[in-house]
Amino acid sequence: MSKPSYYMTTAITYPNGEPHIGHAYEYISADVMARFKRIDGYDVRFLTGTDEHGQKVQQTAEKEGITPYELATRNAQAIKTVDDEVLGISYDRFIRTTDEDHYEASQAIWRRMVDAGDIYLDTYAGWYSVRDERFFTEEETEVREDGERYAAETGTPVTWTEEESYFFRLSKYTQPLLDFYAANPDFAGPRSRFNEVIRFVEQGLEDLSISRTTFDWGVPVPKDLTEGETSLDHVMYVWVDALTNYLTGAGFPEVDSEAFGRRWPADLHIIGKDISRFHCIFWPAFLMSAGLDLPKRVMIHGFLHNAGEKMSKSVGNVVAPAAWTETYGLDAVRFFLLREFPYGQDGSYTHDAVVGRKNSDLANNLGNLAQRSLSMIVKNCEGAVPQLGELTEEDRAILAQAEELLEISRKAYEVQDFHHALERTWFVLGEANAYFAEMAPWQLKKTDLERMGTVLYVTAEVLRKVSLLAQPVMPTSATKLLDALGVPASGDAGATDASNEGPRSFAAFGEALEPGTPIDKPEPVFPRHEDPDEKAEA
RNA sequence: CGGGGGUUAGCUCAGUUGGUUAGAGCAGAGGACUCAUAAUCCUUGGGUCGCGGGUUCAAGUCCCGCACCCCCGACCA
């Protein structure tokens, strides 16, 4: 009775600076997805890490007088620390593209593409800007008054440069890709982003330069394949190596291994909208060429804007994840990011918006409902979950609404619609608050103790279901709630390597609270936000 | 320039295959209650659905034009 596999990844980060809240958005959302699947009975493998090769890393390292590997190690450690200590990311492996097995995997996929006849040696020529370290197309450049040619976008001088490069026959895959998209309409989401990709491919694809000779910080192109053609040392274009990390994490190139058979193809790649082309075009084409299965889904999330403005260093509105979690608390941040805006669209945050969610959704609607119902249980039910009497229509209605949340959430998570899952869950919480007020157990206390017990039971049971579903989003707080409700500990809220079985798994969703379970005097789980600035001003 | 998306109550947004008085949350106003984290519940929203035309018995919902905003237009992680 082995669990079904669920293999998912984030994009690997190019470690050229401190991670900001936008990075955190991707890690957190992926973490929520991973925890949900674990609690729902899947054998999850969640891969994240760093993309460490490339000219910029090499140059930065030279400037600092250290090796590229030393620099990459330092920066990778910074990212990993944020994952571990600030965001609580439950990855199964933090992969680095400098890992030994990744070199093997990258060279193995290269060989497969050569075997398929899809790699050939040629010359890459174009307008190159030394300062920007990139090529520009003819249209992207302009000749100015001084007679020199400049990049229009960045204003840096460009020179005509030709360099030897290996090319991948991407053009060959134009039609196969289009056929694949047509046959797999859910391959990428959201639909609007996927459409952009399709339109791009419909214009026809050109072959892709996939190696470099001007620097050496990268995965070497297998020497035995090149020695007959050139004396130059080629390293792989970073994207060939970077994308291949998803295969490395699955055990490639051991394609006959149990692990690879189980993990590949990946169930989900989570990425940002800036790299959709690499994941939706290049990556499937590489895999087709290598004779490997294609991932089942690529989910493209939006970007985070600070009060409607793009985050940028020059504007000075870049937010560090730690600054947020210190101000609002990690669980509130996680909840806000997933509840506030639809995944796949850009989102804009303000301090007031975060505080609003934290106070109204968490402290008031959820935290306070738990606090008031549990307090009554402690004071009026001998400190234990009360007996359940005969159910009224109102009882059945609110229980039924809570019951539906698991299926609603499963469907939503299947397409990474976290926003919708949480919206429905909090709608039911609103109904539960109305139910509680209408039943007025504090009145029943004087007239009908048995009925009061039933109302308190029903309320607590709704809270149990909501808390179970809240675990992936707010692991710490949901755990506290389940503790307070007397649900026996199990599963560790979807953490890496936790069993994720037992009364806190979704398998137990359809069960119910055990009458007689002792309940302690509750402590507020979601405190209201206290704004130090307002205090000072007041 | 070409292609795509958007423009709905103070704010953030839902609005199915066109059909009675255009919805939710938050904020605001009034009331209720007192179990609870001054939380909760009830009541309360006369917004030209960006602008101008058109199709239709009927359009936020389809068509055309215009304005503004955003996205994409190949090797930049």
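In what follows, chains carry the letters A, B, and so on, assigned in the order in which the sequence lines appear, proteins first and then strands, with residues in each chain numbered from 1. Worth knowing before you read on, the calculation uses all heavy atoms, side chains too, and leaves out hydrogens, waters and symmetry mates.
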Does [X] reach a base, just sugar-phosphate, or nothing at all? Heavy atoms under 4.0 Å.
{"X": "A/Gly356", "value": "nothing"}
{"X": "A/Arg193", "value": "sugar-phosphate"}
{"X": "A/Pro441", "value": "nothing"}
{"X": "A/Asp207", "value": "base"}
{"X": "A/Phe436", "value": "base"}
{"X": "A/Gly272", "value": "nothing"}
{"X": "A/Phe341", "value": "nothing"}
{"X": "A/Ser192", "value": "nothing"}

(request) Give me the residues of residues 194-203 of chain A where at least one heavy atom lies under 4.0 Å from an atom of RNA chain B, by number, or none. (result)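 Heavy-atom contacts with RNA chain B come from A/Glu196, A/Arg199, A/Phe200.
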
(message) Looking only at the aromatic ring of each residue, does the gap between the centers of A/His279 and A/Tyr246 stay below 6.0 angstrom?
(response)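 Ring-ring flag for A/Tyr246/A/His279: true, centres closer than 6.0 Å.
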
(request) For this output row, return yes or no: ring centroids of A/Trp324 and A/Tyr349 closer than 6.0 angstrom. (result)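 So the answer is yes for these two rings.
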
Between [N] and [M], how far apart are the two [atom1] atoms, rounded to whole Å?
{"N": "B/rU7", "M": "B/rG15", "atom1": "C1'", "result": "15 Å"}
{"N": "B/rU61", "M": "B/rU55", "atom1": "C1'", "result": "14 Å"}
{"N": "B/rG18", "M": "B/rC57", "atom1": "C1'", "result": "12 Å"}
{"N": "B/rU40", "M": "B/rC33", "atom1": "C1'", "result": "8 Å"}
{"N": "B/rA22", "M": "B/rC26", "atom1": "P", "result": "22 Å"}
{"N": "B/rG53", "M": "B/rC49", "atom1": "P", "result": "13 Å"}
{"N": "B/rU8", "M": "B/rG50", "atom1": "P", "result": "6 Å"}
{"N": "B/rC63", "M": "B/rU17", "atom1": "P", "result": "13 Å"}

Measuring from the side chain of [X] (C-beta onward, heavy atoms only), which nucleotide among [options] has the closest atom?
{"X": "A/Leu205", "options": "B/rU40, B/rA74, B/rU37", "result": "B/rA74"}
{"X": "A/Asn365", "options": "B/rC71, B/rU37, B/rU40", "result": "B/rU40"}
{"X": "A/Lys56", "options": "B/rC76, B/rC41, B/rA39", "result": "B/rC76"}
{"X": "A/Asn364", "options": "B/rA36, B/rA74, B/rU40", "result": "B/rU40"}
{"X": "A/Trp442", "options": "B/rU40, B/rU34, B/rC76", "result": "B/rU34"}
{"X": "A/Ala434", "options": "B/rC26, B/rC41, B/rC35", "result": "B/rC41"}
{"X": "A/Leu170", "options": "B/rA39, B/rA74, B/rC42", "result": "B/rA74"}
{"X": "A/Gln443", "options": "B/rC72, B/rC33, B/rC75", "result": "B/rC33"}

Expressed as a whole number of angstroms, how long is the span from [X]:[atom1] to [N]:[atom2]?
{"X": "A/Leu374", "N": "B/rA36", "atom1": "CG", "atom2": "P", "result": "12 Å"}
{"X": "A/Tyr435", "N": "B/rC42", "atom1": "OH", "atom2": "P", "result": "15 Å"}
{"X": "A/Asn433", "N": "B/rC26", "atom1": "CG", "atom2": "P", "result": "11 Å"}
{"X": "A/Ile281", "N": "B/rC75", "atom1": "CD1", "atom2": "C1'", "result": "12 Å"}
{"X": "A/Lys273", "N": "B/rC72", "atom1": "NZ", "atom2": "C1'", "result": "10 Å"}
{"X": "A/Gln59", "N": "B/rC76", "atom1": "CD", "atom2": "P", "result": "13 Å"}
{"X": "A/Phe336", "N": "B/rU12", "atom1": "CZ", "atom2": "C1'", "result": "10 Å"}
{"X": "A/Phe427", "N": "B/rG23", "atom1": "CZ", "atom2": "C1'", "result": "13 Å"}

(message) Go nucleotide by nucleotide along RNA chain B from the 5' end; which of A/Leu362 and A/Pro342 gets its closest nucleotide reached first?
(response)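 On the 5' side of the pair lies A/Pro342.
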
(message) Taking the nucleotide of RNA chain B with the nearest heavy atom to each, does A/Ile12 or A/Glu523 sit closer to the 5' end?
(response)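 On the 5' side of the pair lies A/Glu523.
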
Paired with [N] by Watson-Crick or G-U wobble geometry, both distances under 3.5 Å: which nucleotide is it?
{"N": "B/rG46", "value": "none"}
{"N": "B/rG52", "value": "B/rC64"}
{"N": "B/rA24", "value": "B/rU12"}
{"N": "B/rC1", "value": "B/rG73"}

(message) Would A/Lys358 and A/Phe526 count as a cation-pi pair here, with the cationic atom under 6.0 angstrom from the ring centre and within 45° of the axis?
(response)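 No cation-pi geometry.
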
(request) May I ask you to decide if A/Met474's main-chain N or O and A/Ser477's side chain share a donor-acceptor pair within less than 3.5 Å? (result)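 Such a contact is absent between A/Ser477 side chain and A/Met474 backbone.
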
(request) Could you tell me whether the phosphate oxygens of B/rU40, OP1 or OP2, come under 4.0 Å of any side-chain nitrogen or oxygen in A/Arg372? (result)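 No, A/Arg372 has no side-chain N/O under 4.0 Å of OP1/OP2 on B/rU40.
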
(request) Measure up the A/Tyr27 and A/His23 rings against each other and bin them: parallel (under 30°), tilted (30 to 60°), perpendicular (over 60°). (result)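 Because their plane-to-plane angle is under 30°, the rings of A/Tyr27 and A/His23 count as parallel.
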
(request) Assess whether atom CD of A/Glu382 is packed by more than 12 heavy atoms of other residues, nucleotides or ligands within 6.0 Å. (result)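 Open: at most 12 neighbouring heavy atoms sit under 6.0 Å from CD of A/Glu382.
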
(request) Report the distance from atom CG of A/Asp483 to atom OG of A/Ser467, rounding to the nearest 0.5 Å. (result)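 Spacing of CG (A/Asp483) from OG (A/Ser467) equals 10.0 Å.
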
(request) To the nearest 0.5 angstrom, please state how far the CE atom of A/Met113 sits from the CZ atom of A/Phe168. (result)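 Atom-to-atom, A/Met113:CE and A/Phe168:CZ are 6.0 Å apart.
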
(request) Identify which one of A/Asn245, A/Asp241, A/Thr97 satisfies the side-chain hydrogen bond (donor to acceptor under 3.5 Å, both in side chains) criterion when paired with A/His102. (result)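 Testing each of A/Asn245, A/Asp241, A/Thr97 against A/His102, the sole residue satisfying side-chain hydrogen bond (donor to acceptor under 3.5 Å, both in side chains) is A/Asp241.
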
(message) Quiz question: by atom type and distance under 3.5 Å, do the side chains of A/Asp216 and A/Gln58 form a donor-acceptor pair?
(response)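 Yes, side-chain donor-acceptor contact under 3.5 Å.
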
(request) Could you check A/Tyr343, A/Phe341, A/Phe418 and say which one makes a ring-ring contact (aromatic ring centres under 6.0 Å, His included) with A/His301? (result)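 By the ring-ring contact (aromatic ring centres under 6.0 Å, His included) criterion, A/His301 pairs with just one of A/Tyr343, A/Phe341, A/Phe418: A/Tyr343.
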
